[in-house]
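Numbered from 1 within each chain, the chains take letters A, B, ... in sequence-line order. For the numbers below, each heavy atom of this structure counts, side chains included, while hydrogens, waters and symmetry mates do not.
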There are 2 protein chains.
Amino acid sequence: MKRNSRLSLALHTLSHMAHAPDSLRKSADIAAHAGTNPVVVRRVLGNLRQAGLLVSEAGHSGGWRLARPPQEITLADVYLALDERLAAPQIDDTAHGCSVEHALYDRVSKVMAEVEQTLIQKLSETTILEIRDSAD
Amino acid sequence: MKRNSRLSLALHTLSHMAHAPDSLRKSADIAAHAGTNPVVVRRVLGNLRQAGLLVSEAGHSGGWRLARPPQEITLADVYLALDERLAAPQIDDTAHGCSVEHALYDRVSKVMAEVEQTLIQKLSETTILEIRDSAD
DNA sequence: ACTCCCGTAACTAGAGAAGTTACGCGATTC
DNA sequence: GAATCGCGTAACTTCTCTAGTTACGGGAGT
């Protein structure tokens, strides 16, 4: 039970899918490999589906599949799909009109926004295909 | 009860101290201003003391004071003093010898380390004196 | 001596995330 | 067309982390 395991799970799963982009995978199998629960997998992969990275098929012999070629999916796509902003603005609700608080918030928010952009930029330089290849 | 309020508290308090670097402040007063508890204040400021940013004096009429001039204390100093690495390596203990897991970890760790350095660099460009001045 | 404030330990409380159970829906399979 | 199987989701539980709280010892002024 660890924080940010959602991103780990998502990246891990997609990187594996890059091996055989056309095969369907069941949430139960993915969960077993990742050491977690099928419902957790469906929750996380559901976000990736909304972002257009994955498609899921219902019914007998359903499952998950990449929505586009693995060389067109970057780590940044996955990060953004999960909507976990690393550089949250750290807003303080106890800002009782304190001018120092506002000055700090302005400055730190600006720095965080820049850092967030740096992170996304760096993550966008690697595709899940490259992760797959470097693992072989 | 919010995550990372420690950094907010630390920055807020030090920025206020930049107004009058020589006056002693009691943890109870600081806590009242920040809307928290004296013990919490002592815990957080204790980290800053260990990092050499603050000194505390015990006994009657004791309290807290900046250890050096406010123009020599940057936001990065405060961030580092609290030892809250924003870009934690996201290690996954369920790495059961999966090569994809390792490849991912290597790549993401590298990116995170670079982002962490970017953050520290940007934070080091602002001193608490500048925060104080921009608040006036 | 008395008082005040820091330093710390120990405990409580609450939020947040993952894990779990349960069930409906749709599609495939027979 | 009935059974099966997998996704989609809701509701609940469990675990962990952090802040908040209480309590008390020790040192430094008054």
Side-chain angles (χ1 to χ4, degrees), chain A residues 1-13 17 23-51 53-67 81-86 88 90-94, chain B residues 1-13 17 23-51 53-67 81-86 88 90-94:
Chain A
M1 195 170 301
K2 185 167 21 60
R3 194 160 284 110
N4 255 23
S5 63
R6 291 170 67 239
L7 182 58
S8 296
L9 173 59
L11 289 171
H12 187 179
T13 302
M17 285 181 165
S23 68
L24 277 175
R25 289 160 203 261
K26 294 182 288 187
S27 61
D29 294 342
I30 296 169
H33 178 74
T36 182
N37 192 284
V39 176
V40 174
V41 171
R42 290 198 288 262
R43 277 205 285 247
V44 172
L45 298 195
N47 289 328
L48 305 185
R49 179 169 41 80
Q50 289 182 328
L53 305 180
L54 287 178
V55 290
S56 61
E57 294 175 19
H60 195 115
S61 77
W64 301 83
R65 192 200 318 262
L66 295 182
L82 291 186
D83 214 43
E84 291 181 343
R85 289 303 169 272
L86 185 57
Q90 312 228 34
I91 189 153
D92 196 338
D93 3 303
T94 64
Chain B
M1 192 170 301
K2 186 167 21 60
R3 194 159 284 110
N4 255 23
S5 63
R6 290 170 68 239
L7 182 58
S8 295
L9 173 60
L11 289 171
H12 187 178
T13 302
M17 283 180 165
S23 68
L24 277 175
R25 290 161 203 260
K26 295 181 289 189
S27 61
D29 294 341
I30 295 168
H33 178 74
T36 182
N37 191 284
V39 176
V40 174
V41 170
R42 291 199 287 262
R43 275 204 287 245
V44 172
L45 298 195
N47 288 329
L48 305 184
R49 178 169 42 80
Q50 288 183 326
L53 304 180
L54 288 178
V55 290
S56 62
E57 295 177 18
H60 195 116
S61 76
W64 300 83
R65 192 198 320 262
L66 293 182
L82 291 186
D83 214 44
E84 292 181 343
R85 290 302 170 270
L86 183 58
Q90 312 229 33
I91 190 153
D92 196 338
D93 2 302
T94 64

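Mapped onto DNA chain D by nearest heavy atom, A/Arg49 and B/Ser61 fall at different nucleotides, with A/Arg49 at the one closer to the 5' end.
Separating the CG atom of B/Asp83 from the P atom of D/dT18 is a distance of 12 Å, rounded to the nearest angstrom. The CG atom of A/Leu45 sits 15 Å away from the C1' atom of D/dT9 (whole-angstrom rounding). Rounded to whole Å, the distance from CH2 on B/Trp64 to C1' on C/dC6 is 7 Å. In this entry the distance linking CD of A/Glu57 with C1' of D/dC5 reads 14 Å, nearest Å. Remark: C1' of C/dT8 and CD of B/Gln50 are 12 Å apart, rounded to the nearest angstrom. B/Arg6 places its CZ atom 8 Å from the P atom of D/dT18, with the value rounded to the nearest Å. Here C/dA17 presents its C1' atom at 14 Å from CG of A/Leu82, a figure rounded to the nearest Å. Atom pair A/Arg25:CZ and D/dC7:C1' shows a separation of 17 Å (rounding to whole Å applied).
Distance from the side chain of A/Arg43 is smallest for C/dG19 among the nucleotides D/dG8, C/dG19, C/dC6. For A/Asn37, taking side-chain heavy atoms from C-beta onward, the closest of the listed nucleotides D/dG20, C/dT20, D/dA19 is C/dT20. Closest contact between the side chain of B/His60 and the listed nucleotides D/dG8, D/dG6, D/dA28 involves D/dA28. Set against C/dC5, D/dG6, D/dG29, the side chain of B/Lys26 has C/dC5 as its closest nucleotide. Here D/dG20 is the nucleotide among D/dG20, C/dA27, D/dG6 with the atom lying nearest to any side-chain atom of B/Val40. In this structure, the nucleotide among D/dG8, C/dT8, D/dT4 sitting nearest to the side chain of B/Val39 is C/dT8. Listed nucleotides D/dG20, D/dT9, C/dC5 differ in distance to A/Arg42; the shortest reach to its side chain belongs to D/dT9.
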Exercise for review: Assess whether side-chain contact (heavy atoms from CB on, under 4.5 Å) is satisfied between A/Thr36 and A/Val41, documenting all intermediate values.
Suggested key: CA-CA 8 Å; A/Thr36 182; A/Val41 171; 3.9 Å; yes
Point to revise | Derivation and outcome, side-chain contact (heavy atoms from CB on, under 4.5 Å), residues B/Lys26 and B/Trp64 | key: CA-CA 6 Å; B/Lys26 295 181 289 189; B/Trp64 300 83; over 6 Å; no
Check your understanding: Is there a side-chain contact (heavy atoms from CB on, under 4.5 Å) between A/Leu54 and A/Arg65 once you walk through the steps?
Key -> CA-CA 6 Å; A/Leu54 287 178; A/Arg65 192 200 318 262; over 6 Å; no
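An OP1 or OP2 oxygen of D/dA19 is reached within less than 4.0 angstrom by no side-chain nitrogen or oxygen of B/Thr36. Between D/dA19 and B/Ser5, a contact under 4.0 Å exists linking OP1 or OP2 to a side-chain N or O. The shortest distance between the side-chain N/O atoms of A/Ser27 and the OP1/OP2 oxygens of D/dC7 is below 4.0 Å.
For A/Ala10 against A/Val44, the heavy-atom pair with the smallest separation is CB-CG1, 3.9 Å. Shortest non-hydrogen contact noted between B/Leu24 and B/Ser61 is CD1-O, 3.5 Å.
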